[in-house]
Protein chains: 2
Amino acid sequence: MKRPRSYSRVTKQTLSILGKLIKAGRLERELTAAELSERAGISRKTLRNIENGEAGTEIGIVFEVATLVGVRLFDVDDRAGAMHSAHLEEKLTLLPKRVRPSRQEVDDDF
Amino acid sequence: MKRPRSYSRVTKQTLSILGKLIKAGRLERELTAAELSERAGISRKTLRNIENGEAGTEIGIVFEVATLVGVRLFDVDDRAGAMHSAHLEEKLTLLPKRVRPSRQEVDDDF
DNA sequence: TCAAATTGGGCATTTTAAGACTCATTAGAC
DNA sequence: GTCTAATGAGTCTTAAAATGCCCAATTTGA
């Protein structure tokens, strides 16, 4: 055992759904695994891992492939994309930049 | 330069938004980076990469952290999660299992 | 039915992320 | 203003992902 990492059910399901969305998108566009993987600049095996919902693939690659087959996680298109992001930015500036240093028993742990 | 991988704007924006959502979720729950990273079983540096929208983190870890702070990509909760997945499964069975071997000039390439 | 092409999976190698440690910076409670 | 702790960032080591190659299995068009 090297690094036995565990994933929650929600994580596994999310990965599975995303993989299936990507595979469906690829088939709808009639792209072979070889074609899509080449366009994405990855190997055919990595694409298969993604479509199978494997947890180990790096997220940038997965999102890139998703984008290539038209799967969008947020309402991000090239124009309005920054909007959603800006709203988040605003929210982040409203939130404290750090968690309060002095613990004061929030009893949030259980 | 080893493997200069490039990511589309949509991919970068998606990563950025997801990272900000996670950071916002962490701050709202008043978790320090150390606390959240420990709960996720990852290092503080990896968490920072995620919140900064870096592309290199493995997707399972990112989704796990997102789950921990309440960020859901799909409407996946522990009960109904399989439903969405089942619908996709159905869609996938309807689609051809493979792309047609004989290319017939779909002129989709440009 | 047949055959071409896609898909699936193992294996060795290369590339890279993740971890652990340290130190500098900065926010924010007092 | 001060002091504490959270954050940001760099380096080195280690573990694992990604690749490329191979060949087997399966689909599907003809």
Side-chain angles (χ1 to χ4, degrees), chain A residues 1-7 15 19-20 22-65 69 92-106, chain B residues 1-7 15 19-20 22-65 69 92-106:
Chain A
M1 287 175 268
K2 313 293 176 66
R3 195 165 65 191
R5 213 186 297 270
S6 65
Y7 302 98
L15 285 169
K20 285 171 184 166
I22 288 174
K23 182 164 192 172
R26 175 174 70 83
L27 292 179
E28 283 173 352
R29 297 180 177 223
E30 294 188 346
L31 292 169
T32 66
E35 287 169 340
L36 179 55
S37 58
E38 188 189 350
R39 292 192 189 185
I42 62 176
S43 71
R44 211 156 52 84
K45 171 163 283 195
T46 300
L47 175 59
R48 184 140 23 89
N49 286 339
I50 293 172
E51 292 186 345
N52 286 348
E54 301 290 330
T57 310
E58 69 173 79
I59 194 169
I61 295 180
V62 179
F63 283 7
E64 191 68 21
V65 173
V69 296
L92 275 176
T93 56
L94 291 183
L95 286 168
K97 292 182 186 60
R98 330 192 144 183
V99 175
R100 62 164 79 71
S102 66
R103 313 266 67 201
Q104 61 175 17
E105 298 303 322
V106 196
Chain B
M1 283 176 271
K2 312 293 177 63
R3 196 165 63 192
R5 215 185 295 270
S6 66
Y7 302 97
L15 286 169
K20 285 170 183 166
I22 289 174
K23 182 164 192 170
R26 175 173 70 82
L27 293 178
E28 283 173 352
R29 299 183 175 221
E30 296 188 345
L31 291 169
T32 67
E35 286 169 340
L36 178 55
S37 57
E38 187 189 351
R39 292 192 190 186
I42 62 177
S43 72
R44 210 157 53 85
K45 166 165 276 193
T46 300
L47 176 59
R48 182 139 29 82
N49 287 339
I50 293 171
E51 292 186 346
N52 286 348
E54 302 290 331
T57 310
E58 69 173 78
I59 193 169
I61 295 179
V62 179
F63 283 7
E64 192 69 21
V65 173
V69 296
L92 275 175
T93 56
L94 291 183
L95 285 169
K97 292 183 187 60
R98 327 192 147 183
V99 175
R100 62 163 82 69
S102 65
R103 313 268 63 200
Q104 62 176 16
E105 299 305 322
V106 195

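Proteins get letters first, then strands, A, B, ... in listed order; numbering begins at 1 in each. Hydrogens, waters and symmetry mates play no part in the numbers below; they use all other heavy atoms, side chains included. None of these values were measured; they are calculated from a predicted model.
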- Query: For A:T46 and D:dA17, is the shortest distance between a side-chain N/O and OP1 or OP2 below 4.0 Å?
  - Reply: no
- Note on the structure: By nearest-heavy-atom nucleotide on DNA chain D, the more 5' of B:A34 and B:L95 is B:A34
- Measure distances between side-chain N and O atoms of A:R98 and base N and O atoms of C:dT26, and say whether any donor-acceptor pair falls under 3.5 Å. yes
- Message: For a quick test of reading the model: is some side-chain N or O of A:R5 closer than 4.0 Å to OP1 or OP2 of C:dG19?
- Response: yes
- Query: Base, sugar-phosphate, or nothing: which does B:G60 touch, judged by heavy atoms less than 4.0 Å apart?
  - Reply: nothing
- Item | Polar side-chain contact B:K45-D:dT11 base: donor and acceptor under 3.5 Å | yes
- So, is A:R26 near the phosphate of C:dT7, with a side-chain N or O under 4.0 Å from OP1 or OP2? yes
- Message: In the structure I gave you, are the side-chain heavy atoms of A:L92 and B:L27 within less than 4.5 Å of one another anywhere?
- Response: yes
- Message: Using side-chain heavy atoms (C-beta onward) and a distance below 4.5 Å, is B:I42 in contact with B:E64?
- Response: no
- Query: Start at the 5' end of DNA chain C and walk down; is the nucleotide closest to B:T57 or to A:K97 reached first?
  - Reply: B:T57
- Could you tell me whether the phosphate oxygens of C:dG8, OP1 or OP2, come under 4.0 Å of any side-chain nitrogen or oxygen in A:K23? yes
- Item | Nucleotide C:dT7, atom P - distance to CG of A:L27 in whole Å | 8 Å
- On DNA chain D, more 5' by nearest nucleotide between A:R44 and A:N49 is A:N49
- Query: Whole Å only: how far is the CG atom of B:N52 from the P atom of D:dT7?
  - Reply: 12 Å
- Message: With a 3.5 Å distance limit and no angle check, can you tell me whether A:R26 reaches the backbone of A:L31 through a side-chain donor-acceptor pair?
- Response: yes
- Item | Greater than 12 external heavy atoms within 6.0 Å of B:E38's CD | no
